[in-house]
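So the structure is just underneath, and the comments pick up after that.
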Amino acid sequence: MGFLTAEEKGLVNGLWGKVNVDEVGGEALGRLLVVYPWTQRFFQSFGDLSSADAIMGNSKVKAHGKKVLNSFSDGLKNIDDLKGAFAKLSELHCDKLHVDPENFRLLGNVLVCVLAHHFGHEFNPQVQAAFQKVVAGVASALAHRYH
Amino acid sequence: MIMEGSRGASTQRPVLGTPGSSSATTMSLTKAEKTIILSMWGKISTQADAVGTQALERLFASYPQTKTYFPHFDLRPGSAHLRTHGAKVAAALGDAVKSIDNIAGALSKLSEMHAYVLRVDPVNFKLLSHCLLVTVASHFPADFTADAHTAWDKFLSIVSCVLTEKYR
């Protein structure tokens with residue numbers, strides 16, 4: 001058995017196939033900045049982040065959220081080797097971006113909340129559990145090359 | 001210089017020392033956040049038991065290590081133990097909402113129980129809080145705006161703090 005069981009892979013891919021990655025990316029990043037405002041420290045050049053409405057409507061937030069989640073989505077294609085898939089990005093986040101890996105865990109959990117929000121009862125406890133494994137794996141992979 | 005996004009007038013932080021603000025060491029809810037919690041609780045309370053139960057189900061599915069606190073329970077989905085305990089969790093949250101200006105007072109006995117009897121490791125409060133958030137998000141999509149998400153996350157953080165404040 002790899003990182004996820006066959007059943008978990010089915011649950012993840014089944015739901016992910018219905019996700020509008022661009023939109024969910026913007027939503028997740030926006031909510032991260034609203035709910036945990038200290039995360040705004042990485043985005044000082046993004047313009048107006050003065051209210052929830054400003055953040056959720058901010059075009060730079062949406063564009064960056066789209067980028068982040070497309071990268072996450074690519075990673076899902078290599079679910080059994082997340083560390084390999086995210087090696088370069090891990091180095092980037094450490095050496096150039098100086099992002100505390102705790103932020104990857106925060107964003108992962110916000111993503112789970114956004115999926116629950118969008119999919120309602122379909123995002124049941126078993127689906128959530130599979131996604132929690134995925135976001136934990138991605139966060140860990142992104143932190144793996146830190147030094 | 002690190003600049004924080006400033007909040008609009010509707011989310012002013014309460015001044016320390018004024019009525020409605022809690023101690024200087026814990027965060028507190030703004031008026032707008034309390035309004036959101038109170039109005040959403042009106043809806044949640046009609047399904048409180050189910051929400052509490054589902055949050056526990058999610059906790060045990062996503063974080064199996066949390067089951068170690070319940071060796072004496074049948075934790076299968078739908079079990080009577082789960083339903084009873086889920087109802088207890090929901091009732092406690094309801095008490096906190098009803099006394100939203102004095103959550104520490106409302107949960108004082110529960111806080112002592114967690115400190116001296118249950119001794120649940122503090123890390124687990126974050127896990128259950130997250131599962132409660134996910135449950136609320138999935139049940140009340142129209143209400144779970146970014147502001148509501150913030151309000152609930154803060155409220156559950158405060159409840160978690162209160163429940164662990166007597167640990168040592």
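Just so it is clear, the values below take in all heavy atoms, side chains as well, and ignore hydrogens, waters and symmetry mates. Lettering follows sequence order; numbering is per chain, from 1.
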Which atoms form the tightest heavy-atom contact between Phe144(B) and Arg31(A), and what is the distance? O-NH2, 2.7 Å
At a heavy-atom separation under 4.5 Å, does Phe60(B) approach chain A through its side chain, its backbone, both, or neither? neither
Joint cluster assignment, Val159(B) & Val123(B), ILVMFWY side-chain distance < 4.5 Å: no
Taking everything shown except Glu91(A) itself, do over 12 heavy atoms lie less than 6.0 Å from its CD? yes
So which heavy atom on Pro125(A) is nearest to which on Ala61(B), and how close? O-CB, 3.9 Å
At a 4.5 Å cut-off on heavy atoms, which part of Phe131(A) comes close to chain B: side chain, backbone, both, or neither? neither
Among Pro64(B), Pro77(B), Ser138(B), Ala151(B), residue most engaged with chain A (heavy-atom pairs, under 4.5 Å): Ser138(B)
Greatest number of heavy atom pairs closer than 4.5 Å to chain B - which of Ala129(A), Ala130(A), Ala136(A): Ala129(A)
Rounded to the nearest 0.5 Å, what separation is found between the CG atom of Asn109(A) and the OG atom of Ser129(B)? 11.0 Å
Lys88(B) atom NZ, neighbour heavy-atom count above 12 within 6.0 Å: no
Any non-hydrogen side-chain atom of Asp153(B) less than 4.5 Å from a side-chain atom of Tyr36(A)? yes
Polar side-chain atom of His117(A) near backbone of Pro141(B) as donor-acceptor pair, under 3.5 Å: yes
Which pair of heavy atoms, one from Ala146(B) and one from Val35(A), lies closest together, and at what distance? O-CG2, 4.2 Å
Side chains of Cys113(A) and His130(B): does their closest heavy-atom pair fall under 4.5 Å? yes
Is it the case that over 12 heavy atoms from other parts of the model lie below 6.0 angstrom from the NZ atom of Lys9(A)? yes
Structural part of Gln128(A) lying under 4.5 Å from a heavy atom of chain B: both
Portion of Asn124(A) that has a non-hydrogen atom of chain B nearer than 4.5 angstrom: backbone
